[in-house]
Every structure is written in C-alpha cells, then in structure tokens.
Amino acid sequence: MTDLFAPDHTPDYLTRLNPEQRAAIETTEGPLLVLAGAGTGKTRVLTSRFAHILLSGRAKPNQILAVTFTNKAAREMRERVSAILGQPADGLWLGTFHALCARMLRRHAEYVDLTSGFTILDTDDQIRLLKQIMEPFRLDTKRWPAQGMLGVIQRWKDRGLTPERITGAEDSDFAQGRAQEIYAAYQARLVQLNACDFGDLMLHVTEILRTRPDVLAQYHRFFRYILVDEYQDTNTIQYLWLRLLAKREGFAANICCVGDDDQSIYSWRGAEVENILRFEQDFPGAHVVRLERNYRSTVQILGAASGLIAHNEGRLGKTLRPGRDDSDGEKVQVVGVWDSDEEGRVVASRVAELRLEGHSLGEMAVLVRAGFQTRAFEEQLIAQGIPYRVVGGLRFYERAEIRDAMAYLRVLAQPADDLAFERIINLPRRGVGAAALQKFRDIARSQSVSLSAAVGIALENATVKGKSGDALRTLMQCLADGRAMLGREGHIVAVEALLEDSGYVPMWRADTSIEAPGRVDNLRELVRAMADFDSLGAFLEHVSLVMDNDQDAGEAKVSLMTLHGAKGLEFDTVFLPGWEEGVFPSQRTLDEGGLSGLEEERRLAYVGITRARRRAIILHAANRRIYANWQSSMPSRFIDELPDEHIEVVGQTKAERRRTAQAESLFAAGPMVARRERSGPHTVSPRPERCDIPLGARVFHQKFGYGMVIGVEHDRLEVNFEKAGHKRVIASFVEQVS
DNA sequence: AGATAGCTTGTTTTT
DNA sequence: CAAGCTATCT
C-alpha cells in the first residue's frame, strides 16, 4: 500500500481529477468547506477523500466519522469506498446522523435515563402518544391537533432545545402557552416507555456530549477526521453535535463539510442554510474549495440554471462552468399549453416521441412541485401505454399492514412496548373498544406495569370476560408461544406463527377488497426481509432507522417524482411542468416564508433544471383545475428569470392548437364555460367534416389510448379501447395508426 | 363496539 | 373532487 505513495506513483483514485477536486481530497488537515455545485463530482470527492485518508495512513478505518443524510447516500459511499479499498468497508463510523446517534446512544443510554434496549418510535406512535399526553389538558383538538404539537416539539428538538431550555420567549403560541408543559410531559413519558423519537437521537447524544466531558473526550480520541455530506441541510442540533465532536482544545478541527447553498431546499424541516454560510467563522482558518466544473449538463442547461439562481441574494457565490468542452446542446424549452390536461398529454407524447427516437425511458423524469401532481401524468402515461414509476409516495415500511405487523413484532420483542401493543390489541377485531382499553390503562397505571401485563391481570381476575376475553387470551397465548419459539426455532418461524395464529394475516386473507391480496404479499415480503438479519432485535433496529427499501430496478420506466425527491439524481431528459404562479413558486410558501420562501422555491427550480443532462422542458398551463373548478394561471416568475439566450419558447404546435379548439367546442357545456369567462374571446375552429376512418382501423385517443374501431356513424366512432374499454368518441379526437 | 354520514381540508419529507 | 377525520347513530 505504501508504495502507492512513491513520488512517481499517483494512486488510481487521484487520477482524472481536476485541480479543485484534488485540492478537496488532499487538504486533509484543518477545517475544509467544499462548495460543490450540482454535477461537479461531489460524491467522488467525498469517497476519494475518505479512501485517501485511509490509504495514506493518516487514520484507521474506525477513526473517521462520515455523516450523510440519507441511508441511500450512506450506502453509496460505503460501496464506493470499499471499491477503492478493494475490500468490504465494514466497521466504519459511516452512516446517517440518526443511525450514528442511535449507535452512540445505545452505549450511553443511562445518562439520559434510558436503557440500551430503548425503542425508536415512528410518527404514528408519536402522534398517538401525544394525543394521550394532551388529553388531560382539555384543549380544543381542532385548533391544537396533536400533529401540530408534534411539529412544534420537533422544531424545538431540531434547535437543540430540551424542555428546560424553553424560555418564555421560545414558548410557542401553540396550545395557549402550554406547549412547554406538554413537551415536558411527552419527554417524561418517553423515558417511562424506554423509548425515544427521531429528534431525541440527536438531542440526547448532544446533551450527553455537552454535559459529560469524559464521554466527549472518548470520541475526541476516537475520531481524527470528520466528513459531512449535504452540509447545507444540517439543522441546529446536527451542527451542535458536529461542532462538539470536531472542536477540541489545542487541535485543529479536521472537519470537511461538503455542500451547496444553492441546493438548500429543506428549511421547512429545520435545516439552517446559515450553517454553511457561517462555516468560515465557526471554524477559523478554514480552507474553502469551490467545485464549479460541471460534468453533467450541457452549456444551455447550465446557462439557464445559473441565470435563474443568480436572482437569489445571500449566496456564497459559485458559477457552474461546463466541465467538458461539449457542444452547446439543446436550449431549455419553455412550453406554454392551454390547460393542465393538455400539459399531461404533451409530456406523455414527448416521452413517446423520445422513446421512438431510441431514448430509454429510464433516462426521463417528470419532476413536480407537489406529490399530487403526479396523478395527472400517470393517467396520460397509462393512456399512451408508457411504463412509469412513481418515486417516493408511500414506501414499503409505511404501509398500514407493514406497520401493523411491525407492531406485532415489537410486542414480541418487547412486551413492555405499550404503543405497539395498543395498535394490535384490537387488530383483528377482538371486541376491545375505548372503554375496555381505558380499563387496561388504569390497571397498568395503578400497578405500574405494562399494558400487556395489565391485560394479563385483567384476564386472571376476570375483569374481562366473554368474547373479548377469549380473544385476548388467545392473543396473549400467541405472544407467549412466539417468544418461546424465538429462542428455539428462530425469529422467522416465530414471527410467521405469530402473524398467522393471532389472526392478523388471516384477517387480510378473508378480506375481499381489491388491495387485500397485495397486502398479504407485502406481509410475506416482510417475513422474507427478516432473513437478512440474525435476530428480531437487529431487524427492528434496521427498520426503525432505515425506512427505505430498494425500488425495483427492472424494466426502464419514466420516473415521476417531486423536485425534492429528485435531489441528487440526474436524467438525460427532465420535464418540469406546472411552472405557474401559485403552483411553483407555491402560494403557500410565499405566504408563509416571504422572500426567503421565494428564494427556497427558486433553489428548488435550480435543483430541477440541473437534474437534466441533455434536455430540460419547462411547461406552464394557462388554465388549471384546482379541486373542483378551473382557474386561470400566470406563467411562473421563474420563467421570466431564465436568460433569453438559453431558452426556446415553444408555442402550441398547430396540431395541439387544433385539438384544444376542438376540445372546447366539445366540452362547451362543461368546464369550458368557466374558461371562456376567464380567458376572454377566442376563436372556435370549424367542426371537422366527415370521418374517414374505416371500420376495424386501429386508432389512438389522447385519453383512452389505443383501440379498434367497431362502429362508425358520421363523425362518431365506436371504439373498443385496449385499456379503457368500449367508448363512443368524436372521430377527430382519434388518430388512425398503422 | 362498530358502522356510517357529514364535514373539513387541501406542499415539500428524511430519519 | 376526494381523502380522511369526527360526531352521531344503531
């Protein structure tokens, strides 16, 4: 290994780097901020730097702390590092903020009155717990919902504020000034349950590092180098945690933070762009390296994106420059359409065209501002028979049946997990209602035992009898059996038996709704996933921290996702629909966030454009259906901010204009009435003459897709559509295809 | 205890 | 418009 560093031998991972990248990798000592614009090789720099520190003998694998935000990023980094090292990168302190904190907290749990076996609650649990806590406060639950309270608590935790630290000034208006009380009660209850929420993972560990110099010193001795990805997304508590670990008396902080202030899009969940803007003050003597050579996008795309983001103030200042001397590429297209339906059609047909030209669907993406917008595109893609996938949305571990099953597993592993037990006690129905549950809670409280133990007591002294008594007895027996099997036959067999005998899986099997079979499949998949873990405990830890599951790679599909979800990804072609005032920038952000909200929206637009390697197509519709009614809309101000020389404004094509006009005459009694009122006079094209499509012809319809003509009557056709079934349509609405 | 009718309310989301 | 929640009925 050492001969790699002989003067004449540049190690492999340092070749083919530009000077800035190389500086970012080789400046190992002292604080370093790497401002990495979109597509400038950020991940490569991070992983190479990691490997460089190891291979040059500056530190051993477990002396580097490497932090990311997502499990995906952590996984990717681990894989790339091990590829450079030529061996598995095991036993590293490489992970998400939360995973690393969980690991630390398990070692020092007693300092915050937990034991190392604490459970990590999910959002469902948190809300149910808060509801219970808030109940005695007798607040108007409409005005002060538990969910809102949870938001307040989370923001406090993001800022490193424990209940004692909430001063009068910090106390929110929420819950009529009793928010701090509720927060304190919530925290106390978590300790009782030997549980913590996600925010606590950071908060508790930071608190321990803050108050226990011995523990802090231990980590100081441990970690020689710290690497942080996506620094612009850190919140205050993460910043405090990093600063504690990085700064120590008499040593330069070997902390390297990589980020891009122009891609900070998470302030609404507590991220503080200021952290990255303030880096040089926080870590005096810091070096700053700017990565500005973009190897991803064409000159035109970079020009459009740079021009847009230049409208933001308070940037650290970076200009993306084309990294490879490429041809200019296509200009960014700005396409105006009549309404949101047409927007969907145009995107779907463009996708189809590109596909015919030989472009892979896997290299195309439709990036929307809000999740619900994907639906319109789904419909059009289905109609045109184009495979797509919606990225994001409900993930595997968020599905109801998986959460239910997880609750069963949690009770199996920890009989004292009251929140999980509450979730399953009446699932499937065992005749346990609010009244019975309250009885169990009372027993649990008065005897200081867990809820499941309380049920045991109630069964013994016959407080519950009859049907629900029998059902509960069976449940308790299943759990006891399951625990016995856990040791003897292993966790998989035990879980299978539990889910079966408790009646949970049979409940879904007996369900006749269309989604039920899918749910049973998901449950089977859950059990299968457990095979990758040695124990139930290991599996539960994995699920609570790594809530993602790999999307099937499979066949190439168009990706539909939110702009937020697209960060870090890239595609040859990117469609950016809905660039209208109120939609994007979102009215709500504007109302709540003012100028800084607008700037964050602009950064989001910047992220969107820079996802594209070769083609970016921005769309805006003049009319959009919002809930029930149509509203006219103005093109987004971001469109005006794009530099003219990099965009090409595409009006409606002739064919599209004709189709629009026809659509209007057809739907004149429907939504078009509203359109006319709002959009003023316009021409209606003459009705098409007669129909020249023969019986038996194969046709294509924008909404219904492909089909065969089975009847002709003047300008009306009867068509049997492959996907949409039997319909009567206007002939001019279909195109004959071979 | 459970089902149903009526009402409200509509971003972005990781861990 | 449509999902999700609450209040009310049986």
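Scope of the values below: all heavy atoms of this structure, side chains included, with no hydrogens, waters or symmetry mates. Throughout, protein chains are lettered first and strands after them, A, B, ... in sequence-line order, and every chain is numbered starting at 1.
If you check the side chains of Q373(A) and E343(A), you find no donor sitting under 3.5 Å from an acceptor.
In this structure, of dT15(B), dT14(B), dA2(C), it is dA2(C) that holds the atom nearest to the side chain of R375(A).
Atom P of nucleotide dT14(B) and atom CG of L121(A) are separated by 19 Å, given to the nearest angstrom. Between W144(A) atom CH2 and dC5(C) atom P there is a gap of 21 Å when expressed in whole angstrom units. For the pair M104(A) CE and dT15(B) P, the interatomic distance rounds to 19 Å; values are reported in whole Å. Summarising the geometry, the separation between NE2 on H98(A) and C1' on dT14(B) is reported as 7 Å, rounded to the nearest angstrom. Per the geometry, CD belonging to E379(A) stands 14 Å off P belonging to dC1(C), to the nearest Å. Spacing between atom CD of Q238(A) and atom P of dT14(B) amounts to 14 Å, rounded to whole angstrom units. Atom CD1 of I626(A) is separated from atom C1' of dT9(B) by 14 Å (rounded to the nearest Å). In this structure, Q232(A) atom CD and dT14(B) atom C1' are separated by 14 Å, rounded to whole Å.
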For nucleotides 10-12 of chain B, give me every protein contact, N/O to N/O, under 3.5 Å, one pair per line with atom names.
from: dG10(B); atom 1: N9; to: Y627(A); atom 2: OH; distance (Å): 3.4
from: dT11(B); atom 1: O2; to: R369(A); atom 2: NH1; distance (Å): 3.0
from: dT11(B); atom 1: O2; to: R369(A); atom 2: NH2; distance (Å): 2.8
from: dT11(B); atom 1: N3; to: T589(A); atom 2: OG1; distance (Å): 3.2
from: dT12(B); atom 1: OP1; to: G371(A); atom 2: N; distance (Å): 2.6
from: dT12(B); atom 1: O4'; to: R369(A); atom 2: NH2; distance (Å): 3.4
from: dT12(B); atom 1: O2; to: W268(A); atom 2: NE1; distance (Å): 3.4
from: dT12(B); atom 1: O2; to: R369(A); atom 2: NH2; distance (Å): 2.4

For nucleotides 1-8 of chain B, list the nitrogen or oxygen atoms of the protein found under 3.5 Å from its nitrogen or oxygen atoms, one pair per line.
from: dA1(B); atom 1: OP1; to: A434(A); atom 2: N; distance (Å): 3.4
from: dA1(B); atom 1: OP2; to: G431(A); atom 2: O; distance (Å): 3.4
from: dA1(B); atom 1: OP2; to: G433(A); atom 2: N; distance (Å): 2.5
from: dG2(B); atom 1: OP2; to: N426(A); atom 2: ND2; distance (Å): 3.3

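Screening R602(A), R315(A), R603(A) against D262(A) for a side-chain hydrogen bond (donor to acceptor under 3.5 Å, both in side chains) leaves a single residue, R315(A). Under the side-chain hydrogen bond (donor to acceptor under 3.5 Å, both in side chains) rule, D233(A) has a single partner from K567(A), R269(A), Q263(A), which is K567(A).
Classified by interplanar angle (parallel below 30°, tilted 30° to 60°, perpendicular above 60°), the ring pair H98(A)/F198(A) is perpendicular.
For the ring pair (Phe, Tyr, Trp, His ring centres under 6.0 Å) test, residues two or more places apart in sequence or in another chain that qualify with Y231(A) are F279(A). Residues that satisfy the ring pair (Phe, Tyr, Trp, His ring centres under 6.0 Å) test with H620(A), not counting sequence neighbours, are absent from this structure. Residues forming a ring pair (Phe, Tyr, Trp, His ring centres under 6.0 Å) with F539(A) (at least two apart in sequence, or on another chain): F533(A). Checked against side-chain hydrogen bond (donor to acceptor under 3.5 Å, both in side chains), D404(A) has the following partners two or more places apart in sequence or in another chain: R423(A), Y504(A).
When the P atom is used for both dT12(B) and dC5(C), the distance is 16 Å, rounded to whole Å.
Taking CH2 of W93(A) as the reference point, atom CG of L227(A) lies at 15.0 Å (rounded to 0.5 Å).
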